[in-house]
Novice: 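Pasting a structure here, questions to come.
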There are 2 protein chains.
Amino acid sequence: MAEEIYQLAVDITLKTISGKWKTSILCNLGTAPMRTGELKRRLPGISQRILTKQLKELETDQIIKRKVYPEVPPRVEYCLTEHGKTLRKILLEMSEWGSEHAELQNASGHNYEIIDQNLKGFQDMS
Amino acid sequence: MAEEIYQLAVDITLKTISGKWKTSILCNLGTAPMRTGELKRRLPGISQRILTKQLKELETDQIIKRKVYPEVPPRVEYCLTEHGKTLRKILLEMSEWGSEHAELQNASGHNYEIIDQNLKGFQDMS
DNA sequence: CAGAATCCGCTAAGATACTG
DNA sequence: CAGTATCTTAGCGGATTCTG
């Protein structure tokens with residue numbers, strides 16, 4: 001069995017949501033199940049390989065659930081698990097802190113830009 | 001001016017606390033100002049270069065403050081800024097989620113281990 | 001003591017082609 | 001449509017040496 005050792009509990013959470021596209025994936029899966037292709041369409045720039053990889057990691061972490069329909073052509077849907085939904089509160093608070101941090105830093109001569117600024121992200125995940 | 005573009009606000013927070021030793025640094029700086037050497041002593045395995053690097057990043061992000069005393073040999077102390085202290089609530093909640101996640105995963109055949117388990121980390125940062 | 005300057009290895013991520 | 005297999009690339013972290 002692979003053993004994963006962390007210094008602090010917070011590092012586990014950090015590891016779980018670290019990955020270039022994971023927050024965007026979780027943001028998009030907030031409302032409803034979604035097919036792989038639709039997800040890919042909503043994440044401009046992601047490659048097949050990376051999408052599959054990050055989805056599999058989230059599935060291994062029991063954050064999302066993968067459902068395969070026995071059809072041709074293949075149909076696969078992903079949705080948040082109940083456990084995955086418990087991440088929302090944390091992601092929301094991280095979003096709020098991040099927005100404030102961006103303001104503070106920009107007031108100090110930095111230049112942070114947030115693309116999905118109006119979309120609050122994790123507020124109204126059902 | 002360097003421009004930093006993020007998809008979501010949460011990614012800013014993620015970036016700020018990502019770095020192999022940053023959570024441990026923030027955990028150790030919770031209570032009081034600390035000299036570089038003392039910090040290094042508390043982070044077994046970290047190298048000079050990486051310690052300096054991560055401290056500088058946290059300083060650039062206005063999370064910690066660097067104070068130099070004009071002495072020989074050099075004396076440098078680091079402490080949390082007021083803004084840095086606002087991270088505590090988030091880090092604490094991330095710790096709690098991480099602990100629960102470890103339990104859930106371990107119940108499913110995984111093997112997560114947390115070294116600083118009793119030390120709750122960010123609970124009693126003054 | 002604290003930090004800068006090099007050099008190096010590992011791994012996440014990207015590009016592309018292929019398969020059922 | 002969804003996923004796999006290779007190959008390539010960029011950046012973080014580690015080891016070591018040097019300096020005021």
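Order of the sequence lines fixes the chain letters, A, B, ..., with proteins taken first and strands second; residue numbering starts at 1 for each chain.
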Novice: If you only use heavy atoms from C-beta on, which nucleotide in C/dA13, D/dG3, D/dG13 is closest to the side chain of A/Ile50?
Specialist: C/dA13

Novice: To the nearest Å, how far apart are B/Lys15 NZ and D/dG11 P?
Specialist: 11 Å

Novice: Round to a whole Å and report the spacing from NZ of A/Lys40 to C1' of C/dA13.
Specialist: 14 Å

Novice: I want to confirm an ordering. Mapping A/Gln48 and A/Lys20 to their closest nucleotides on DNA chain C, which one lands closer to the 5' end?
Specialist: A/Lys20

Novice: Taking the nucleotide of DNA chain C with the closest heavy atom to each, which residue, B/Arg35 or A/Ser18, is nearer the 5' end?
Specialist: B/Arg35

Novice: Report the distance from atom CD1 of A/Ile46 to atom P of C/dA15, rounded to the nearest whole Å.
Specialist: 11 Å

Novice: Take atom CZ of B/Arg75 and atom P of C/dG3, then tell me their distance rounded to the nearest Å.
Specialist: 13 Å

Novice: So does B/Pro33 get a backbone contact from the side chain of B/Glu77, meaning a donor-acceptor N/O pair under 3.5 Å?
Specialist: no

Novice: Return the value, rounded to whole Å, for the distance between atom CD of B/Glu71 and atom C1' of D/dG20.
Specialist: 15 Å

Novice: At under 4.0 Å, does any side-chain N or O of B/Arg66 touch on OP1 or OP2 of C/dG3?
Specialist: yes

Novice: Rounded to whole Å, how long is the line connecting atom NZ of B/Lys53 with atom C1' of C/dA2?
Specialist: 17 Å

Novice: Can you find a pair of side-chain heavy atoms, one from A/Trp97 and one from B/Thr86, that are under 4.5 Å apart?
Specialist: yes

Novice: About how many Å separate NZ of A/Lys56 and OH of A/Tyr78, when rounded to the nearest 0.5 Å?
Specialist: 8.5 Å

Novice: Using whole Å, report how far CH2 of B/Trp21 lies from C1' of D/dC12.
Specialist: 14 Å

Novice: Return the value, rounded to whole Å, for the distance between atom CG of B/Leu43 and atom C1' of C/dA2.
Specialist: 15 Å

Novice: What I want to check is whether an N or O donor and acceptor connect the side chain of A/Arg49 with the base of C/dG14 at under 3.5 Å.
Specialist: yes

Novice: Just wondering, do A/Met94 and B/Leu14 contact through their side chains at under 4.5 Å, heavy atoms?
Specialist: yes

Novice: For A/Tyr78, answer base if it contacts any base atom (sugar-phosphate contacts may also be present), sugar-phosphate if it contacts only those atoms, and nothing otherwise; contact means non-hydrogen atoms under 4.0 Å.
Specialist: sugar-phosphate

Novice: Hey, does B/Ile50 have a side-chain heavy atom less than 4.5 Å from the side chain of B/Lys20?
Specialist: no

Novice: Categorize B/Gln54 for me: base, sugar-phosphate, or nothing, with a 4.0 angstrom heavy-atom threshold over every strand shown.
Specialist: sugar-phosphate

Novice: Output yes when at least one side-chain N/O atom of A/Ser47 is less than 4.0 Å from OP1 or OP2 of C/dA13, else no.
Specialist: no

Novice: Just N and O in the side chain of A/Lys56: are any of them under 4.0 Å from OP1 or OP2 of D/dT4?
Specialist: yes

